[in-house]
There are 2 protein chains.
Amino acid sequence: MTYDVGMTVIETRAPLNRERIIGAAVKLADQHGADELSMRKLGAELGVEAMSLYNHVANKDEILDGMIDHVFTTIPLPDPKEDWRVSVRTTGLAAMEQFTAHPWVVSLLMQRGNFGNASLVFMNQVLGILRAAGFSDEETHHAWQMLASHTMGYAFQQSSGSWHEKDWNGLEDQLSRLGDRFPHVVALAPLLAECEFGSEYAFGLEIIISGLEARLG
Amino acid sequence: MTYDVGMTVIETRAPLNRERIIGAAVKLADQHGADELSMRKLGAELGVEAMSLYNHVANKDEILDGMIDHVFTTIPLPDPKEDWRVSVRTTGLAAMEQFTAHPWVVSLLMQRGNFGNASLVFMNQVLGILRAAGFSDEETHHAWQMLASHTMGYAFQQSSGSWHEKDWNGLEDQLSRLGDRFPHVVALAPLLAECEFGSEYAFGLEIIISGLEARLG
DNA sequence: ACCTGAACACCGTTCAAGT
DNA sequence: ACCTGAACACCGTTCAAGT
């Protein structure tokens with residue numbers, strides 16, 4: 001923050017700490033992608049040399065884990081008093097929303113796993129709701145695995161796809177050149193390019209919820 | 001190969017080319033993971049300096065794309081004469097098998113996208129089968145998106161999970177310490193740790209196939 | 001207690017030089 | 001035509017030195 005005191009401007013850097021470092025890392029990743037995140041750039045963002053970060057954080061991996069935890073903290077937990085179908089639907093959509101807002105979190109999860117505190121809190125809550133709904137432990141396991149896969153899968157496709165990116169144009173050229181070899185891909189390319197991943201995800205979520213429901217009871 | 005000619009051993013290196021480079025890269029990634037793959041190590045594997053690789057390949061990205069293509073080439077294409085449910089099931093399982101055998105391909109797909117020749121051939125074949133089964137273009141799009149998400153999601157979880165890894169022990173300690181905070185996670189941890197991703201995947205695949213079938217006709 | 005500069009062992013990639 | 005060594009601009013991380 002800066003205070004304007006008379007004619008001089010006194011620059012008062014907030015003291016460096018773990019929280020500020022991870023916040024800045026999230027901001028940088030949101031802006032430029034996780035690949036662009038380096039200790040040197042992160043230091044520069046915080047007005048400090050890269051080496052100073054090591055006073056507050058063991059290494060880069062701790063920062064990455066902190067970023068994952070930060071995102072999971074922002075996903076609202078499902079309400080156990082709701083019907084399980086509502087809880088699962090609401091929570092799935094909320095999770096997808098965060099994965100969309102922070103696309104880098106998907107690849108980070110793959111690199112690092114997701115056993116931070118916030119993701120365990122989240123997982124525990126969802127598992128509790130499924131068990132309370134009457135699913136056996138095996139069924140709960142199946143349901144979790146399937147819901148997680150569907151969610152991660154869509155998030156994955158959303159962040160990996162270049163169907164809806166700039167290089168789509170180059171791809172379109174490529175496809176029309178190879179139209180006779182890939183007629184079905186060419187026919188569906190517009191749908192793939194313009195698709196709303198959010199509603200696509202919701203569509204699949206309903207199929208899964210129905211399928212799980214049928215196996216319950 | 002080495003020929004033993006009398007008292008001297010003549011070492012005849014096969015000439016370097018794109019195919020040999022990508023083959024060696026796949027081998028290295030299978031053994032040590034994609035993170036360990038560097039131009040210098042790949043060169044060493046081929047008995048050559050890293051810089052030689054650039055005579056046969058534009059850059060590292062071309063190698064990575066080639067590795068993805070290599071894996072997709074090994075997935076058997078579904079037979080259009082089969083019932084679509086059989087085709088989808090068989091192909092999904094075959095794809096999962098390859099993603100399991102080459103876990104690095106999932107993160108590579110996320111980094112690089114998957115619009116190589118082999119993956120377009122694969123995608124085109126699956127889309128054709130869905131359309132021939134009577135799905136509209138919109139429904140085919142939904143179905144593809146959902147099947148791809150489910151498959152990538154399971155592959156993702158399989159390669160990201162440390163539930164079934166060595167560090168599971170450390171996690172178990174952590175969980176039992178925090179057992180009162182995460183009772184549902186602790187209760188299901190054994191199931192998560194010992195689960196067979198293959199059969200988990202198959203379980204979800206059946207739910208999806210049934211769900212799609214219900215929306216057909 | 002916190003920050004820094006120099007250094008180390010790695011990257012991908014370029015380029016002039018070798019054969 | 002293919003391979004090489006030296007070099008460049010980057011990494012994450014260590015460590016002794018500064019305040």
Side-chain angles (χ1 to χ4, degrees), chain A residues 1-2 10-69 104 107-113, chain B residues 1-2 10-69 104 107-113:
Chain A
M1 33 196 142
T2 61
I10 302 175
E11 180 92 16
T12 315
R13 288 196 286 239
L16 208 53
N17 57 39
R18 218 190 97 103
E19 193 189 352
R20 276 192 69 224
I21 290 174
I22 288 170
V26 168
K27 189 180 146 198
L28 270 183
D30 283 344
Q31 287 172 350
H32 307 111
D35 287 348
E36 292 300 313
L37 187 69
S38 77
M39 298 300 272
R40 283 167 172 89
K41 287 179 192 167
L42 185 51
E45 174 77 17
L46 291 160
V48 105
E49 296 299 317
M51 305 76 196
S52 305
L53 302 173
Y54 289 89
N55 285 307
H56 305 91
V57 135
N59 49 33
K60 191 179 181 183
D61 282 349
E62 189 180 325
I63 297 180
L64 298 179
D65 287 339
M67 293 167 70
I68 294 173
D69 217 58
W104 43 266
S107 62
L108 235 49
L109 275 172
M110 185 151 43
Q111 280 177 48
R112 305 281 317 144
Chain B
M1 35 196 137
T2 61
I10 303 176
E11 179 92 15
T12 315
R13 285 196 287 242
L16 208 50
N17 55 36
R18 219 190 96 103
E19 194 189 351
R20 275 192 69 223
I21 291 174
I22 288 170
V26 167
K27 188 180 147 199
L28 269 183
D30 282 344
Q31 286 172 351
H32 306 109
D35 287 348
E36 293 299 313
L37 185 69
S38 76
M39 299 299 273
R40 284 166 170 90
K41 287 180 192 164
L42 185 51
E45 174 77 18
L46 290 159
V48 105
E49 296 299 317
M51 306 74 195
S52 305
L53 302 173
Y54 289 89
N55 285 306
H56 305 91
V57 135
N59 48 34
K60 192 179 180 181
D61 282 349
E62 188 180 326
I63 297 178
L64 299 179
D65 287 338
M67 293 166 71
I68 295 174
D69 218 56
W104 44 267
S107 61
L108 236 47
L109 275 172
M110 186 150 44
Q111 279 177 51
R112 306 277 322 142

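Just so we're on the same page: letters track the sequence lines, and every chain starts at 1. Keep in mind that this is a model prediction, so the values were computed, not measured.
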A.B. asks: Across all strands, who's sitting opposite dC10(C) as a Watson-Crick or G-U wobble pair, both distances under 3.5 Å?
C.D. replies: none
A.B. asks: Would you indicate which nucleotide in dT13(D), dT13(C), dG12(C) comes nearest to any side-chain atom of N59(A)?
C.D. replies: dT13(D)
A.B. asks: Whole angstroms only, please: what is the CG-C1' distance between L42(A) and dC3(C)?
C.D. replies: 15 Å
A.B. asks: To the nearest Å, how far apart are M51(B) CE and dA16(C) C1'?
C.D. replies: 14 Å
A.B. asks: Starting at NE2 of H56(A) and ending at C1' of dA1(C), how long is that distance when rounded to a whole Å?
C.D. replies: 9 Å
A.B. asks: Taking the side chain from H56(A) and the backbone from L16(A), do they hold a donor-acceptor pair closer than 3.5 Å?
C.D. replies: yes
A.B. asks: Atom CG of N17(A) to atom P of dC2(C): distance rounded to whole Å?
C.D. replies: 10 Å
A.B. asks: When you measure from the side-chain N and O atoms of K41(B) to the phosphate of dC10(C), is any distance below 4.0 Å, counting only OP1 and OP2?
C.D. replies: no
A.B. asks: To the nearest Å, give me how far apart CE (M39(B)) and C1' (dA7(D)) are.
C.D. replies: 17 Å
A.B. asks: Which listed nucleotide (dG5(C), dG5(D), dC3(D)) is nearest to the side chain of E49(A)?
C.D. replies: dG5(C)
A.B. asks: Look up atom CG in L53(A) and atom CZ in R20(A), then write down how far apart they are to the nearest 0.5 Å.
C.D. replies: 10.5 Å
A.B. asks: Taking D65(A) for the side chain and I68(A) for the main chain, is one N or O donor matched with an acceptor at less than 3.5 Å?
C.D. replies: no
A.B. asks: Rounded to the nearest 0.5 Å, what separation is found between the CG atom of L37(A) and the NZ atom of K27(A)?
C.D. replies: 12.5 Å
A.B. asks: Taking any strand in view, what nucleotide pairs with dA16(C) in a Watson-Crick or G-U wobble way, both distances under 3.5 Å?
C.D. replies: dT4(D)
A.B. asks: What's the closest nucleotide to the side chain of V48(A) if the choices are dC3(C), dG12(C), dC11(D)?
C.D. replies: dC3(C)
A.B. asks: Measure CG/N55(B) against C1'/dT13(C) and give the value in whole Å, please.
C.D. replies: 13 Å
A.B. asks: Taking atom P of dT4(D) as reference, at what distance in whole Å does atom CG of L46(B) sit?
C.D. replies: 11 Å
A.B. asks: L37(B) CG to dT13(C) C1': how many Å, rounded?
C.D. replies: 15 Å
A.B. asks: With a 3.5 Å distance limit and no angle check, can you tell me whether D61(A) reaches the backbone of L64(A) through a side-chain donor-acceptor pair?
C.D. replies: no
A.B. asks: Specify the residue among R40(B) and S52(B) whose closest nucleotide of DNA chain D lies further upstream toward the 5′ end.
C.D. replies: S52(B)
